[in-house]
Amino acid sequence: MSSVCVHGLGYVGLPTAAMLANYGHSVVGYDVDEDLVEDLQEGRITVDEPGLRAFVTEALNSENLRVTDEVRPSKYHIIAVPTPFDHETKTADLSYIEAAGETIQQHLRPGDSVLLESTVPPGTTVQTLQPVLEQSGLEAGEDFALIHCPETVLPGNIITELRENDRIIGGVNGVSTEAAVRLYDSFVEGDIHTTTDATTAEFVKLIQNTYRDTNIALANELARVAHDYDIDSREAIQLANEHPRVELHQPGPGVGGHCLPIDPWFLGQNSDELDLISTARSVNDSMTDYVIELVESNLDGLAGKQVAILGVAYKGNVDDVRNSPGLAIARQLQDTAAEVPRSVSPDGGDPTVTVRLNDPHVEDQTLDLQSLDNATQAVDAVVITTDHDAYTEIDAERLAERMAGDLVVDTKAIVDRHAWKQAGLDVIQI
Ligand code: SAJ
């Protein structure tokens, strides 16, 4: 069993720290956010991730996990800090990684290992992190091990995936790779794949998310084409996927979260070759416009209309609103309405669109979230933007009675279209 210091206690670092602690390692969880440290020290775990609260509590109670605002010398340092992306310049902010490296180098000893788990542009481990760590006077690969080991956990299923997913381990040399394998082998039940090139490991992580983003873009484009032929895109995709070498993803209102909409751009940090990849990004980003066009054309204009958006989380059954398609649609609807000149609004009346938001998983004081009943009362249209399980249980007849209009745009195709039509609703699915 080893001593481990996990730097960054977010949605990857915290479960990783708890996992290692629950497998008997002596773990220090460190974060620069003093409020977060205090919350965790007092057992408050605020992330809405299935099973996480009990899992972290178990680790804290065992005393194998201690949360501190001080770094300790440790055999392993794992970095799981954010790498924010600037959409204007299309560059990643690596300052959190540099800061973590700066802290670690002050405690680094010969024989220690430093593992970077954060998602980064290719080359970051060697070009950005290594020089900072070597300020310690120690040499990467010689005196200490340096490894990129990308996290691959799916929000909503983190604890299971942390244990069961395969891992890619890319050390800067063989000795580094072996040191990391020893640690991950203690809890990973999936296969561990190794490469002795950290940059390859960084690249692999990015192309996994790029594959998914590009595949979803194809599904989104096909859904729009299918709509023009009056075909059910989901049925067509399901049938196409019966072929042993076809695996199309599902269309929707766009791609949200903090990985798929961003990671493909990391590939472009030092390459001009992103052609299909950037087009796929544009296709996915344009889905919010497409949803609005569907609402607008089926309501004969937006001016003066009331629209309920069901789902501001970026995907089903999570509470995370980062790059949420639902929120983007809500904001765009309001902006579109603001641009409608008064002269073209029907009867010269109020040109603004009233947008109401509902989400059973999200608690966000900055958003005016309403109960399902309030959000849908007297609206002209309902747009379902997130595949929360709760939305599959909506009573269509009660909804139809509450709404003023009858339009439902179900961007995730989660409701029973035929039953909802029988309840008097006009359901359009993407
Ligand atoms: N989505 C679709 N159609 C699909 C699947 C997803 O429109 O068929 C949308 C979702 O609704 C959501 C977005 O894509 O808005 C992203 O959701 P996701 O479930 O595909 O992925 P994330 O961002 O929650 O997690 C991804 C995962 N990557 C892969 O599956 C390759 C996860 O394993 C990574 O660990 C995570 O990114 C990460 O941290 O990089």
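Order of appearance sets the numbers: ligands from 1, and atoms from 1 within every ligand. As a basis for the values below, the full set of heavy atoms in this structure was taken, side chains included, without hydrogen atoms, waters or symmetry mates.
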### Summary
Residue, atom and distance of the protein heavy atom nearest atom 11 (O) of ligand 1 read Lys412 NZ, 2.9 Å

### Task
Look only at interatomic distance and state if Arg212 has a nitrogen or oxygen under 3.5 Å from any nitrogen or oxygen of ligand 1.
yes

### Task
Output yes when Arg417 and Asp410 qualify as a salt bridge under the 4.0 Å nitrogen-oxygen rule, no when they do not.
no

### Task
Provide the number and element of each atom of ligand 1 under 4.0 Å from a heavy atom of Tyr11.
38 (C), 39 (O)

### Message
Taking the ring centre of each residue, are His25 and Tyr23 less than 6.0 Å apart?
### Response
no

### Message
Is it the case that the side chains of Arg72 and Ser26 hold a donor-acceptor pair, with the cut-off being a distance below 3.5 Å and no angle test?
### Response
no

### Task
Tell me which protein heavy atom sits closest to atom 21 (O) of ligand 1, plus the residue, atom name and distance to 0.1 Å.
Leu154 CD1, 3.8 Å

### Structural part of Gln250 in contact with ligand 1, heavy atom criterion under 4.0 angstrom
both

### Query
Is it true that Arg281 and Asp285 make a salt bridge, defined as a side-chain N closer than 4.0 Å to a carboxylate O?
yes

### Message
I need the nearest protein heavy-atom contact for atom 16 (C) of ligand 1: residue, atom name and distance, please.
### Response
Gly256 O, 3.6 Å

### Task
Of the side chain and backbone of His258, name the one, both, or neither that has a heavy atom under 4.0 Å from an atom of ligand 1.
neither

### Query
Of all the non-hydrogen atoms in the protein, which one sits nearest to atom 40 (O) of ligand 1, and at what distance?
Lys205 NZ, 2.5 Å

### Query
Quick one: salt bridge (charged side-chain N to carboxylate O under 4.0 Å, His left out) partners of Arg322, sequence neighbours excluded?
Asp320

### Task
Determine, using ring centers only, whether His77 and Phe144 are less than 6.0 Å apart.
no

### Query
atom 26 (C) of ligand 1: which protein heavy atom is closest, and how many Å away?
Leu260 CD1, 3.7 Å

### Message
Checking a contact table here: which protein heavy atom is nearest atom 1 (N) of ligand 1, and how many Å away?
### Response
Ile216 CD1, 3.5 Å

### Query
With a 4.0 Å cut-off on heavy atoms, is Gly257 touching ligand 1?
no

### Message
Among Val27, Ile147, Leu20, exactly one meets side-chain contact (heavy atoms from CB on, under 4.5 Å) together with Ile78. Which residue is that?
### Response
Leu20

### Task
With heavy atoms of Thr152 as the reference, note each atom of ligand 1 found under 4.0 Å away.
32 (C), 33 (O), 34 (C), 35 (O)

### Task
Look only at interatomic distance and state if Lys315 has a nitrogen or oxygen under 3.5 Å from any nitrogen or oxygen of ligand 1.
yes

### Summary
Under 4.0 Å from one or more heavy atoms of Cys259, ligand 1 contributes atoms 23 (O), 36 (C), 37 (O), 38 (C), 39 (O), 40 (O)

### Task
Can you label the angle between the Phe266 ring and the Phe85 ring as parallel, tilted or perpendicular, going by 30° and 60°?
tilted

### Task
For the pair Glu296 and Lys305, find out whether any cationic side-chain nitrogen is under 4.0 Å from an anionic carboxylate oxygen.
no

### Summary
Under 4.0 Å from one or more heavy atoms of Pro155, ligand 1 contributes atoms 24 (O), 25 (O)

### Query
Within the structure, does Glu151 bring an N/O atom to less than 3.5 angstrom of an N/O atom in ligand 1?
yes

### Summary
Exactly one candidate in Ile104, Leu115, Thr103 meets side-chain contact (heavy atoms from CB on, under 4.5 Å) with Ile79; the answer is Ile104

### Message
With a heavy-atom distance limit of 4.0 Å, tell me whether Val153 approaches ligand 1 through its side chain, its backbone, both, or neither.
### Response
backbone

### Message
Considering non-hydrogen atoms of the protein only, which is the closest contact for atom 24 (O) of ligand 1, and what is the distance?
### Response
Tyr314 OH, 2.6 Å

### Query
Quick one: ring pair (Phe, Tyr, Trp, His ring centres under 6.0 Å) pairs with a partner in residues 188-227, sequence neighbours left out?
Tyr211-His249

#### Entry: Enclosure of Glu397 CD (heavy-atom neighbours >12, cutoff 6.0 Å)
no

### Query
Val255 heavy atoms, cut-off 4.0 Å: which ligand 1 atoms fall inside?
13 (C), 14 (O), 15 (O)

